[in-house]
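Remarks on the structure that follows.
Remember, it's a predicted structure, so these values are computed and weren't measured experimentally.
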Amino acid sequence: MEKRNIIITYILLIIIIIVLLIMVFYYKGLSNKVCPKCENNNTSTTTDTNQKNNELPKEENVINIGKTLWNNTYNLYWNFMKNIEYTEISLGENKINNMNDFNFTSLTNNALNELYNSLNIKNNNGTYYIDSIRTKEDTTYMISEITLKENKDNKITYNVESKYCASGEKNNCKDIANVNNDFIIIKVNNDYKVESFVLPD
């Protein structure tokens with residue numbers, strides 16, 4: 001009888017040990033598995049973080065495009081005015097000899113017409129004339145600041161606030177005058193071109 005009890009006790013102990021081992025391996029296996037939802041959430045968070053680190057926010061990107069094109073157009077205007085070669089035909093009429101030396105491809109027809117009108121350039125059957133040649137910048141002009149006004153249908157409009165010193169030296173100006181103009185760019189064949197530009201000085 002005693003022997004029988006000992007055998008039953010051993011059998012029960014062995015069963016308990018086997019059950020415990022099964023439970024340990026089962027839960028260990030569960031803990032090593034990654035929950036698919038958690039994995040998706042982790043991947044999504046990592047992707048979002050990487051995108052934020054590697055890409056500029058959309059509006060900031062648009063501002064940078066505008067600043068670059070505005071500065072390029074500003075330099076284009078002054079490059080043209082400072083490097084124009086001409087022959088004086090009569091008082092207030094000068095023939096431009098090197099019009100083909102300048103690259104105006106970043107401007108749409110509208111922006112090119114604005115340039116012609118602002119500098120009093122006339123096109124007479126492919127021969128260009130200008131009333132007067134301006135080589136000096138406005139000494140009161142200080143700086144221009146660009147902010148996004150509207151981004152719609154491949155057309156981006158910026159507000160350009162130009163600052164002028166109304167009194168005193170520019171580096172220690174006591175009275176600043178502000179002038180606001182629109183700067184417009186449009187998408188043409190996947191490239192942005194200047195549609196409207198106002199030279200601040």
Side-chain angles (χ1 to χ4, degrees), residues 56 58-166 169-171 173 176-201:
L56 291 167
K58 190 176 180 185
E59 185 170 325
E60 191 174 340
N61 229 352
V62 168
I63 290 288
N64 287 337
I65 291 169
K67 284 181 179 178
T68 300
L69 282 172
W70 189 91
N71 286 324
N72 289 348
T73 309
Y74 178 88
N75 292 331
L76 178 65
Y77 266 67
W78 279 109
N79 176 55
F80 175 75
M81 289 187 281
K82 289 180 177 179
N83 293 290
I84 189 172
E85 293 174 6
Y86 62 93
T87 301
E88 187 176 356
I89 304 298
S90 61
L91 189 63
E93 186 179 13
N94 302 282
K95 178 186 171 187
I96 301 172
N97 300 323
N98 63 334
M99 197 68 177
N100 292 330
D101 291 350
F102 303 99
N103 185 356
F104 298 114
T105 55
S106 61
L107 308 179
T108 64
N109 286 336
N110 184 69
L112 190 57
N113 286 330
E114 283 184 345
L115 183 144
Y116 292 165
N117 291 333
S118 69
L119 301 179
N120 291 319
I121 296 171
K122 293 175 181 63
N123 179 3
N124 186 3
N125 295 322
T127 302
Y128 293 86
Y129 298 89
I130 187 168
D131 290 349
S132 60
I133 293 84
R134 181 185 171 200
T135 56
K136 292 184 180 179
E137 300 174 13
D138 185 344
T139 56
T140 65
Y141 172 68
M142 297 170 69
I143 194 171
S144 289
E145 295 173 353
I146 297 174
T147 53
L148 180 61
K149 192 171 181 181
E150 186 180 50
N151 182 4
K152 189 178 179 184
D153 300 328
N154 291 325
K155 177 182 175 183
I156 307 174
T157 304
Y158 304 87
N159 179 66
V160 179
E161 183 178 39
S162 300
K163 298 184 178 183
Y164 300 84
C165 184
E169 296 292 324
K170 282 200 291 188
N171 56 1
C173 190
I176 296 175
N178 298 318
V179 176
N180 290 281
N181 287 298
D182 281 350
F183 172 58
I184 302 170
I185 63 175
I186 60 173
K187 205 169 212 180
V188 180
N189 297 326
N190 291 322
D191 286 324
Y192 280 106
K193 291 196 171 192
V194 177
E195 172 73 357
S196 183
F197 173 85
V198 177
L199 186 70
D201 64 345

Would you check if [X] and [Y] make a side-chain contact, meaning some heavy-atom pair closer than 4.5 Å?
{"X": "Met99", "Y": "Phe80", "result": "yes"}
{"X": "Glu137", "Y": "Lys82", "result": "yes"}
{"X": "Tyr164", "Y": "Pro200", "result": "yes"}
{"X": "Tyr158", "Y": "Lys149", "result": "no"}
{"X": "Leu76", "Y": "Val194", "result": "no"}
{"X": "Leu119", "Y": "Met81", "result": "yes"}

Gap between atom [atom2] of [Y] and atom [atom1] of [X] - 0.5 Å precision:
{"X": "Asn72", "Y": "Lys67", "atom1": "CG", "atom2": "NZ", "result": "14.0 Å"}
{"X": "Leu69", "Y": "Ile146", "atom1": "CG", "atom2": "CD1", "result": "9.0 Å"}
{"X": "Tyr141", "Y": "Ile143", "atom1": "OH", "atom2": "CD1", "result": "7.0 Å"}
{"X": "Thr73", "Y": "Asn79", "atom1": "OG1", "atom2": "CG", "result": "12.0 Å"}
{"X": "Asn159", "Y": "Ser144", "atom1": "CG", "atom2": "OG", "result": "10.0 Å"}
{"X": "Asp101", "Y": "Ile96", "atom1": "CG", "atom2": "CD1", "result": "11.5 Å"}

Exam field: side chain [X] to backbone [Y], donor-acceptor pair closer than 3.5 Å:
{"X": "Ser106", "Y": "Lys193", "result": "no"}
{"X": "Asn83", "Y": "Phe102", "result": "no"}
{"X": "Asn98", "Y": "Glu85", "result": "yes"}
{"X": "Asn94", "Y": "Ile130", "result": "yes"}
{"X": "Asn110", "Y": "Glu195", "result": "yes"}
{"X": "Asp153", "Y": "Lys155", "result": "no"}

| Considering all heavy atoms, the nearest Gly66-Phe183 contact |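 The pair with the smallest heavy-atom distance is O-CE2, 3.5 Å.
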| message | Using every non-hydrogen atom in the two residues, find where Cys165 and Lys170 come nearest and quote the distance to one decimal. | response |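 Heavy-atom minimum between the residues: CB-CG, 4.1 Å.
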| said: Ring-plane angle category for Tyr74 and Trp70, please: parallel below 30°, perpendicular beyond 60°, tilted otherwise. | reply: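 If you compare the ring of Tyr74 with that of Trp70, the planes turn out parallel.
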| Derivation and outcome, side chain to side chain contact (heavy atoms under 4.5 Å, CB included), residues Val160 and Val198 | CA-CA 9 Å; Val160 179; Val198 177; over 6 Å; no
| field | Criterion side chain to side chain contact (heavy atoms under 4.5 Å, CB included) against Ile156, the qualifying member of Ile65, Ile185, Ile186, Ile63 | value |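 Exactly one option meets the side chain to side chain contact (heavy atoms under 4.5 Å, CB included) with Ile156, and it is Ile185.
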Looking at [X], I want to see if its [atom1] is surrounded by more than 12 non-hydrogen atoms of other residues, nucleotides or ligands under 6.0 Å.
{"X": "Tyr86", "atom1": "OH", "answer": "no"}
{"X": "Ile89", "atom1": "CD1", "answer": "yes"}
{"X": "Asn178", "atom1": "CG", "answer": "yes"}

| request: Determine whether the side chains of Thr87 and Asn97 contain a donor N or O and an acceptor N or O closer than 3.5 Å. | output: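 A donor-acceptor contact under 3.5 Å links the two side chains.
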| From CA spacing to verdict: salt bridge (Lys or Arg N to Asp or Glu O under 4.0 Å), Glu93, Lys122 | CA-CA 10 Å; Glu93 186 179 13; Lys122 293 175 181 63; over 6 Å; no
| task | Could you walk me through whether Lys95 and Thr127 pass side chain to side chain contact (heavy atoms under 4.5 Å, CB included), step by step? | result | CA-CA 7 Å; Lys95 178 186 171 187; Thr127 302; 3.9 Å; yes
Run the side-chain donor-acceptor check on residues 111-118: report pairs under 3.5 Å with partners two or more places apart or on a different chain.
from: Asn113; atom 1: ND2; to: Asn109; atom 2: O; distance (Å): 3.2
from: Glu114; atom 1: OE1; to: Ser196; atom 2: OG; distance (Å): 3.4
from: Glu114; atom 1: OE1; to: Phe197; atom 2: N; distance (Å): 2.8
from: Glu114; atom 1: OE2; to: Ser196; atom 2: OG; distance (Å): 2.8
from: Asn117; atom 1: ND2; to: Asn113; atom 2: O; distance (Å): 3.2
from: Ser118; atom 1: OG; to: Glu114; atom 2: O; distance (Å): 3.2
from: Ser118; atom 1: OG; to: Leu115; atom 2: O; distance (Å): 3.0

